[in-house]
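Note that the coordinates shown come from a computational prediction; the quantities given were computed from them, not determined experimentally.
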Amino acid sequence: MDLIARLRAGLPGEAILTDPDVTGSYAHDMASFCEAGTPAVVVLPRTVEQVQHIMRTATELRVPVVPQGARTGLSGAANASDGCLVLSLVKMDRIIEINPVDRIAVVEPGVINAVLSRAVNAHGLYYPPDPSSWEECSIGGNIGTASGGLCCVKYGVTAEYVLGLDVVLADGRLLTTGRRTAKGVAGYDLTRLFVGSEGSLGIVVRAVLALKPEPPGQLALAAEFPSTAAACEAVCEIMARGHAPSLLELMDRTSIRAVNDMAQMGLPDSTEALLLAAFDTPDPAADLAAVGKLCTAAGATEVVPAETAAESDLLLQARRLTLTALERVKSATMIDDVCVPRSRLAEMLDGTAAIAEKYGLTIGVCAHAGDGNTHPTVCFDAADPDESRRARESFDDIMALGLHLGGTITGEHGVGVLKKEWLARELGPVGVELQRGIKDVFDPLGILNPGKLF
């Protein structure tokens with residue numbers, strides 16, 4: 001019996017896609033420079049039992065399986081390989097439970113981040129991880145790549161909110177990890193192991209997520225600086241003085257000018273860096289005043305605090321428009337995701353500017369400055385082979401710079417195909433050997449998302 005026939009034995013017909021014109025649309029995520037193959041079939045299960053049937057079939061026939069969420073990723077982690085079975089989890093999109101007493105939500109992997117966020121808000125609760133693609137990205141994908149977001153400086157990343165998981169293993173067995181309780185340290189932390197594993201260890205089919213009380217509305221300020229060094233000094237002072245902003249973002253000159261060109265934001269051409277800070281504390285105006293003083297002391301030429309939520313949204317608009325504005329500069333972009341210690345942030349930004357000059361490219365940087373997580377965006381003409389080559393080389397130089405500064409090659413986008421060579425450099429041979437050993441325990445046949453990570 002062939003693959004399709006075996007799948008049909010346990011799946012409804014509409015859950016199996018074989019038309020090449022349709023399956024081809026599932027071949028890749030949003031990353032550039034990542035190879036993608038041609039899937040043999042795409043399956044869209046709705047139940048745990050259907051996922052188990054899929055994995056048993058794949059194991060019996062030794063068919064590689066590529067798990068997918070909403071495919072908003074930026075590392076090629078969801079890219080198909082030739083002849084693979086693409087397992088799309090977008091139809092498993094139920095919010096099973098929201099529990100205000102235990103402060104948890106139980107969800108399926110296809111739930112969209114923004115849908116969950118709004119649902120828990122209705123109960124006076126808050127799910128903090130907020131990737132920039134939150135209106136499109138799925139919780140399963142967020143778990144697979146350990147996603148972050150703008151508010152992580154105060155609230156942390158996805159890994160800190162995943163309490164427990166139901167996971168279908170490569171052979172079809174169902175594993176339950178973690179807990180529903182506020183505390184729990186029984187055995188190895190398998191839950192945390194799956195977070196960020198990019199579908200290489202198992203298929204997440206249910207997640208227990210921690211929630212927080214919904215915070216007060218935030219107020220923001222914008223501070224303009226004559227240099228990135230001055231803006232980064234302000235970041236260091238803000239964190240060193242014990243402030244807890246709900247958002248602390250930085251835009252470099254290239255990003256500012258791209259946004260100005262697109263949206264006429266009115267920022268002065270002399271602005272080399274824009275720092276955006278926000279607080280959702282009981283007295284955000286007082287916190288903004290204190291941070292404003294630190295910005296001025298660090299050399300800010302202008303500090304503009306908001307007095308209302310509407311004014312805050314207006315100030316933050318420039319940051320939200322950054323990627324869209326940079327995408328207008330050239331026909332293609334490569335978005336890097338290098339995280340460095342906050343104390344080395346200025347060196348990272350200045351080094352990236354030097355790399356842009358070296359390769360004759362436009363590279364704009366926006367950063368979750370409070371985390372030291374930078375997103376250098378390389379703009380290039382995909383139809384120009386030489387420019388494409390320079391873009392890829394500059395991308396590698398940026399990662400090398402991050403490691404040199406004591407950082408990591410990815411803070412929130414994951415490794416996928418794009419950065420697997422660099423993962424080996426960051427982990428070292430012993431680290432790679434142990435991680436491959438873990439992979440072999442969960443996936444001895446190597447059928448789960450092959451070619452990713454290692």
- Task: Using a 4.5 Å cut-off on heavy atoms from C-beta on, say whether the side chain of Gln435 contacts that of Leu427.
- Result: yes
- Task: Using the salt bridge (charged side-chain N to carboxylate O under 4.0 Å, His left out) rule, collect all pairs that involve residues 120-142, keeping only residues at least two apart or in two chains.
- Result: Arg118-Glu135
- Query: Quick one: does Thr374's side chain get under 4.5 Å of Thr352's, heavy atoms only?
  - Reply: no
- Message: Test: side chain to side chain donor-acceptor pair (under 3.5 Å). Region: residues 199-220. Which pairs qualify, not counting sequence neighbours?
- Response: Asp166-Arg206, Gln218-Ser246
- Task: Just grab all the salt bridge (charged side-chain N to carboxylate O under 4.0 Å, His left out) pairs involving residues 35-61, residues at least two apart or on different chains.
- Result: Arg6-Glu60
- Message: Could you tell me if the side chain of Leu89 sits less than 4.5 Å from the side chain of Ser138, heavy atoms only?
- Response: no
- Output every pair passing salt bridge (charged side-chain N to carboxylate O under 4.0 Å, His left out) with a member in residues 239-251, not counting sequence neighbours, ordered by first then second residue. Glu237-Arg241, Glu249-Arg319
- Hits for side-chain hydrogen bond (donor to acceptor under 3.5 Å, both in side chains) against Asn373, two or more places apart or cross-chain, chain-then-number order -> Asp337
- Item | Inter- and intrachain pairs under ring-ring contact (aromatic ring centres under 6.0 Å, His included), touching residues 26-51, at least two apart | Phe33-Phe380
- Partner residues of Glu347 under the salt bridge (charged side-chain N to carboxylate O under 4.0 Å, His left out) criterion, sequence neighbours left out: Arg344
- For Gln68, does its backbone N or O pair with a side-chain atom of Arg71 as donor and acceptor, under 3.5 Å? no
For residues 187-197, run the donor-acceptor check on the side chains, cut-off 3.5 Å, and write out each pair with its distance to 0.1 Å, sequence neighbours left out.
| unit_1 | atom_1 | unit_2 | atom_2 | d |
| --- | --- | --- | --- | --- |
| Asp189 | OD1 | Thr191 | N | 3.4 |
| Asp189 | OD1 | Arg192 | N | 3.1 |
| Thr191 | OG1 | Thr177 | OG1 | 2.6 |
| Thr191 | OG1 | Gly178 | N | 3.2 |
| Ser197 | OG | Phe194 | O | 2.7 |

- Any salt bridge (charged side-chain N to carboxylate O under 4.0 Å, His left out) pairs touching residues 435-454, not counting sequence neighbours? Lys439-Asp443
- Note on the structure: Residues at least two apart in sequence or cross-chain that pass side-chain hydrogen bond (donor to acceptor under 3.5 Å, both in side chains) with Thr57, listed by chain then number, are none
- Task: Sort and list the pairs that fulfil ring-ring contact (aromatic ring centres under 6.0 Å, His included) and have at least one residue in residues 104-138, not counting sequence neighbours.
- Result: Tyr126-Tyr155
- Residue pairs fulfilling side chain to side chain donor-acceptor pair (under 3.5 Å) with at least one residue in residues 107-116, sequence neighbours excluded: Arg94-Glu108, Asn113-Ser117, Asn113-Asn142
